[in-house]
Enquirer: 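Pasting in a structure now, in structure tokens, and then I'll have a few things to ask.
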Amino acid sequence: MADAFCSDCKRNTEVVLDHSAGDTVCSECGLVLESHSIDETSEWRTFANESGDNDPVRVGGPTNPLLADGGLSTVIAKPNGASGEFLSSSLGRWQNHGSNPDRGLIIAFKTIATMSDRLGLVATIKDRANEIFKKVEDQKSSRGRNQDALLAACLYIACRQEDKPRTVKEICSVANGATKKEIGRAKEYIVKQLGLETGQSVEMGAIHAGDFMRRFCSNLGMNNQAVKAAQEAVQKSEEFDIRRSPISIAAAVIYIVTQLSDDKKPLKDISVATGVAEGTIRNSYKDLYPHVSKIIPNWYAKEEDLRNLCSP
């Protein structure tokens, strides 16, 4: 109910909204204060099949500017009953056999969306990956290549360009069987093709060890104090010429930080959480060890604790 001035009662009274008739009625005297008003609330009406799918959608999905028809083409659903079964199924087969220039793109976009959801990526990264794939597909030079590797590589490049990088191993885990080597080759191919189209090198965005730190620490279940120390340490490590990949440095810093805490993490667990081989973490630890006193924050570990660290 809401309040409104009633000309019959000569005062503010509670009114009842009759949505079916579009009338606003005074609850005291029954006078219709407003008729045929427009209901601006959501109209939850389902247009789904009557097969238990009660998804309350008002309209279809948003338009997609990457598709020729904007993604608003009509899809003939499967029949539910005996009546009209022959006609509906025939129309469905006819539609499936018809030429749809966007059919391959629609399937590719759905695959990218599935991979993005499994990695917990935001919509902007998914949309950027769709744009990259569309540009490569328009060149008509990707036929015969591993489609899953191409889509995974598009997602990898999109993550880099949106400053939310993921490791190749993380992308590989959702790439429908594509290997790291295949994704790497697909990435180089895409970068080359996009460079030929624009006439300039493709900006991928620099990778820093700190980009992965919070996610890796979360995978290991580290406490907030250890996470904060690891983030500060990895920023300090950039001041030194440590010729290791950012991911390897991040894994080594996590190893050092956890060894200085009561909750020590086995090297095997760190390897699984970061996707970095145990041998690589050891070698990165050797490179970081001479700088430990300058990397690890003073509030987290004392000099005595640092001296007790295992030498490489």
Enquirer: Measuring only between side-chain heavy atoms, which start at C-beta, is Lys187 closer than 4.5 Å to Ile157?
Expert: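 Yes. Closest side-chain heavy atoms under 4.5 Å.
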
Enquirer: Give, for atom CZ of Arg128 and atom CG of Leu155, the distance between the pair rounded to the nearest 0.5 Å.
Expert: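 Between atom CZ of Arg128 and atom CG of Leu155 there are 12.5 Å.
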
Enquirer: Would you call Glu188 and Lys192 a salt bridge, taking side-chain N to carboxylate O under 4.0 Å as the test?
Expert: no

Enquirer: Report the distance from atom CZ of Arg166 to atom OG of Ser116, rounding to the nearest 0.5 Å.
Expert: 10.0 Å

Enquirer: Where do Asp287 and Arg244 come nearest, in terms of heavy atoms and distance?
Expert: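 Closest approach of Asp287 to Arg244, heavy atoms only: OD2-NE, 2.8 Å.
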
Enquirer: Step through the shown structure and confirm whether more than 12 heavy atoms of other residues, nucleotides or ligands are within 6.0 Å of NZ on Lys265.
Expert: yes

Enquirer: Less than 4.5 Å apart, any side-chain heavy atom of Trp299 and any of Gln225?
Expert: yes

Enquirer: Evaluate the side-chain proximity of Tyr189 to Val136: yes if any heavy-atom separation is below 4.5 Å, no if none is.
Expert: yes

Enquirer: Quick one: CD1 on Ile190 to CZ on Phe133, what's the gap to the nearest 0.5 Å?
Expert: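 Between atom CD1 of Ile190 and atom CZ of Phe133 there are 8.5 Å.
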
Enquirer: Could you grab the distance from atom CZ of Arg118 to atom OG1 of Thr114, nearest 0.5 Å is fine?
Expert: 8.5 Å

Enquirer: Nearest heavy-atom pair of Cys9 and Cys29: which atoms, and what distance?
Expert: SG-SG, 3.6 Å

Enquirer: Go through the steps for Ile171 and Leu119 under the test side chain to side chain contact (heavy atoms under 4.5 Å, CB included), then give the verdict.
Expert: CA-CA 8 Å; Ile171 299 293; Leu119 288 173; 3.7 Å; yes

Enquirer: Applying the 4.5 Å side-chain criterion to the ILVMFWY set and letting contacts propagate, would Ile254 and Phe240 be lumped into a single cluster?
Expert: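 Yes, one cluster joins them.
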
Enquirer: So, taking the atom named CD1 in Ile270 and the one named CD1 in Ile256, what distance separates them when rounded to the nearest 0.5 Å?
Expert: 10.0 Å

Enquirer: Give, for atom NE2 of His291 and atom OG of Ser237, the distance between the pair rounded to the nearest 0.5 Å.
Expert: 10.0 Å

Enquirer: Do the side chain of Asp305 and the main chain of Lys302 share a donor and acceptor less than 3.5 angstrom apart?
Expert: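 Yes, the answer is positive, given that a donor and an acceptor are paired below the 3.5 Å cut-off.
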
Enquirer: Whether the side chain of Asp138 engages the backbone of Lys135 through a donor-acceptor N/O pair (distance < 3.5 Å, no angle test) should be reported.
Expert: no

Enquirer: Who are the side chain to side chain donor-acceptor pair (under 3.5 Å) partners of Ser248, not counting sequence neighbours?
Expert: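 Applying side chain to side chain donor-acceptor pair (under 3.5 Å) to Ser248 gives Ser245.
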
Enquirer: Please give me the minimum heavy-atom distance between Leu288 and Ile249, naming the atom from each residue.
Expert: CD1-O, 4.1 Å

Enquirer: Test side chain to side chain contact (heavy atoms under 4.5 Å, CB included) on Thr274 and Phe212 and set out the steps.
Expert: CA-CA 9 Å; Thr274 61; Phe212 308 95; over 6 Å; no

Enquirer: Taking atom CG of Asn12 as the centre, does the number of heavy atoms from other residues, nucleotides or ligands within less than 6.0 Å exceed 12?
Expert: yes

Enquirer: Please name the pair of heavy atoms, one in Ala108 and one in Gln147, separated by the smallest distance, quoted to 0.1 Å.
Expert: CB-NE2, 4.3 Å

Enquirer: Where does the angle between the aromatic ring planes of Tyr289 and Tyr285 fall among parallel (under 30°), tilted (30 to 60°) and perpendicular (over 60°)?
Expert: perpendicular

Enquirer: For residues Glu162 and Val122, determine if any side-chain heavy atom of one lies less than 4.5 Å from a side-chain heavy atom of the other.
Expert: no

Enquirer: Are any of the side-chain nitrogens in Glu239 or Lys294 under 4.0 Å away from the carboxylate oxygens of its partner?
Expert: no

Enquirer: For the pair Ser284 (side chain) and Thr280 (backbone), establish whether a donor and an acceptor sit closer than 3.5 Å, ignoring hydrogens and angles.
Expert: yes

Enquirer: Which atom pair, heavy atoms only, marks the closest approach of Val234 to Ala250?
Expert: CG2-CA, 4.5 Å

Enquirer: More than 12 foreign heavy atoms under 6.0 Å from CZ of Arg185: is that the case here?
Expert: no

Enquirer: Check the pair Lys134, Glu131 against side chain to side chain contact (heavy atoms under 4.5 Å, CB included), reporting the backbone distance first and the verdict last.
Expert: CA-CA 5 Å; Lys134 179 67 163 56; Glu131 292 175 10; 5.7 Å; no

Enquirer: Considering all heavy atoms of both residues, which atom of Val257 and which atom of Tyr300 are nearest to each other, and what is their separation?
Expert: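 Nearest pair, atom of Val257 first, then Tyr300: O-OH, 3.0 Å.
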
Enquirer: Any heavy-atom pair between the side chains of Lys126 and Ile112 that's under 4.5 Å?
Expert: yes

Enquirer: Please tell me if the side chains of Cys159 and Ile125 come closer than 4.5 Å, counting only heavy atoms from C-beta onward.
Expert: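 In contact.
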
Enquirer: Does Met213 reach the side chain of Val253, with side-chain heavy atoms less than 4.5 Å apart?
Expert: yes

Enquirer: Is Leu267 close to Arg282 at the side-chain level, that is, under 4.5 Å between some pair of heavy atoms?
Expert: yes

Enquirer: Please check if atom NZ in Lys264 has more than 12 non-hydrogen atoms from other residues, nucleotides or ligands closer than 6.0 Å.
Expert: yes

Enquirer: Kindly determine whether Lys164 and Leu121 satisfy side chain to side chain contact (heavy atoms under 4.5 Å, CB included), including the steps that lead there.
Expert: CA-CA 9 Å; Lys164 301 292 182 183; Leu121 302 177; 5.8 Å; no

